[in-house]
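Report on the following structure.
The sequence lines fix the lettering, A, B, ..., with proteins before strands; numbering per chain opens at 1. Fair warning: this is a prediction, and the values are worked out from it, not measured in the lab.
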Amino acid sequence: MKCEVAITGIGAVTPLGVGARTLHERWTAGQSGIQDGEGACTEFEPTEFLTKKEVRRADRFTQFALVASDEALREAGWEGEKPYESDRIGCIIGTGIGGIGTLTQNHQVLLEEGPGKVSPLAIPLMMGNAGAGAVSMRHGLRGPSYATLSACAAGAHSIGDAVRLIEHGDADAMVTGGSEAALVPLARAAFAALDALSDTGISRPFDVRRDGFVMGEGAAVLVLEDAEQARERGADILGYVRGYGASSDSYHLTAPEKDGGGAIEAMKSALADAGLEPQDIVYVNAHGTSTPLNDRAETKAIKKVLGDHAYDVPVSSTKSAIGHLLGAAGSVEAVATLLALRDRIAPPTLGLEEPEEGLDLDYVPGKARPLAIDGKRAIAMSNAFGFGGHNAVLLLEAE
Amino acid sequence: MATAVTPEAVEKVVFDALPQFGADPDEITREATFEDLDVDSLDLAELSQIIEDEFGVQLKGDDVGKIKTVGDAIDLVVSRAG
């Protein structure tokens with residue numbers, strides 16, 4: 001039998017502010033972190049948390065990951081001496097794009113000033129694994145470390161992989177999450193050229209007027225531990241990762257299969273992995289991008305997997321409050337899901353006033369409400385789907 | 001045009017550059033080691049770029065590996081220019 005994997009610390013930097021609880025409290029209060037059509041982390045000032053040297057050695061996406069990791073390790077009680085041998089603690093930090101700000105800055109230098117002026121820091125800052133490397137170095141983690149790179153599923157794949165490493169015995173604990181900082185002109189223009197971005201700058205998943213996603217930035221990091229060892233050391237356990245399922249559409253580079261395709265398989269395999277039934281799910285944190293295609297396909301997939309139970313389960317989208325954090329989304333939404341479960345609250349899908357015909361699930365429009373679990377375990381599904389046809393689904397449980 | 005290489009000119013450029021890498025300006029002397037100043041190989045790569053820019057002197061690979069103190073770096077630049 002596989003071991004249980006406990007969550008003992010969480011941290012986040014999001015457009016709603018710095019801190020995992022800040023995200024949870026502001027989202028459930030109905031606040032939006034989207035301004036002028038983007039979810040920027042305007043409250044994040046790196047020098048409040050990092051030395052001058054640390055700031056210049058890290059692209060913005062790595063800065064987010066470092067600050068979120070500090071919060072998560074603090075909560076896990078890992079300040080100072082770690083509870084495990086350093087080579088038994090690994091680190092996986094996913095990203096959709098990596099240090100694109102560093103890339104575009106240096107490319108501009110190359111064009112304007114010539115190759116001799118390109119910074120020696122360009123590659124080590126822009127590489128997609130820079131976040132994982134920096135978090136591992138900061139906390140002295142010497143177990144397996146790498147990045148997952150699967151577009152908007154990267155932050156869920158990272159957690160899923162981290163769970164597997166613990167289950168397989170490759171690590172006793174993992175520091176894992178996702179990070180993204182892609183609010184740069186090149187990424188904006190490129191997503192706009194794909195017709196993926198909202199022209200109105202409004203994120204309103206499942207609404208008939210939705211017209212694309214709103215870009216966001218940020219990070220979340222979780223500390224995962226073999227639950228038995230976490231209990232032995234007297235850790236406060238926030239919850240558990242009960243199941244993980246991953247699949248691919250093998251269909252189209254950017255569009256989901258309209259009937260849910262690979263997403264269905266990922267949800268089913270997460271349930272099978274957890275040994276749970278559809279009726280055990282009390283909340284779904286949807287990928288819910290606010291694009292016409294995703295919200296239709298995802299709704300179909302949820303109905304297919306949960307059956308009639310789908311109509312009894314609140315389904316909401318964090319992206320309605322912070323936009324689409326791309327490679328960070330899966331981790332940020334896992335953190336938001338866990339805190340919602342702990343507080344027994346169904347957070348809202350903001351901006352949803354008029355659901356599109358056929359999108360008839362309980363999307364918790366506009367306002368949070370208590371999550372009735374009726375004596376059941378507090379177990380939720382968190383979905384993440386990425387360009388490339390990558391699907392990753394996590395099942396989380398809170399005490 | 002590259003600046004003329006004098007020990008004083010090189011010292012000024014090096015002393016001015018190091019705080020960008022996080023070195024404490026009060027601790028920067030010719031005798032200070034890069035290790036003490038927490039200036040590592042990536043910082044030295046950046047410093048080499050600044051020096052090349054200013055003086056047209058290239059410092060590469062082995063050169064940089066041998067220097068331990070701020071004074072070593074200044075002397076190396078001056079000797080290379082000579």
B:T69 side chain to B:E31 side chain, donor-acceptor N/O pair below 3.5 angstrom: no
query: What part of B:Q20 gets closer than 4.5 Å to chain A, counting heavy atoms only: side chain, backbone, both or neither?
result: both
message: Regarding B:T33 and B:D36, do their side chains bring together a donor and an acceptor under 3.5 Å, going by distance alone?
response: yes
Which portion of B:Q49 sits near chain A, non-hydrogen atoms under 4.5 angstrom: side chain
field: Heavy-atom contact with chain B under 4.5 Å, split by part of A:S119
entry: both
query: Which of these, B:I74, B:V77, B:T6, sits in a side chain to side chain contact (heavy atoms under 4.5 Å, CB included) with B:E11?
result: B:I74
- prompt: Looking at B:R30 and B:E8, does any basic side-chain N land under 4.0 Å from a carboxylate oxygen?
  reply: no
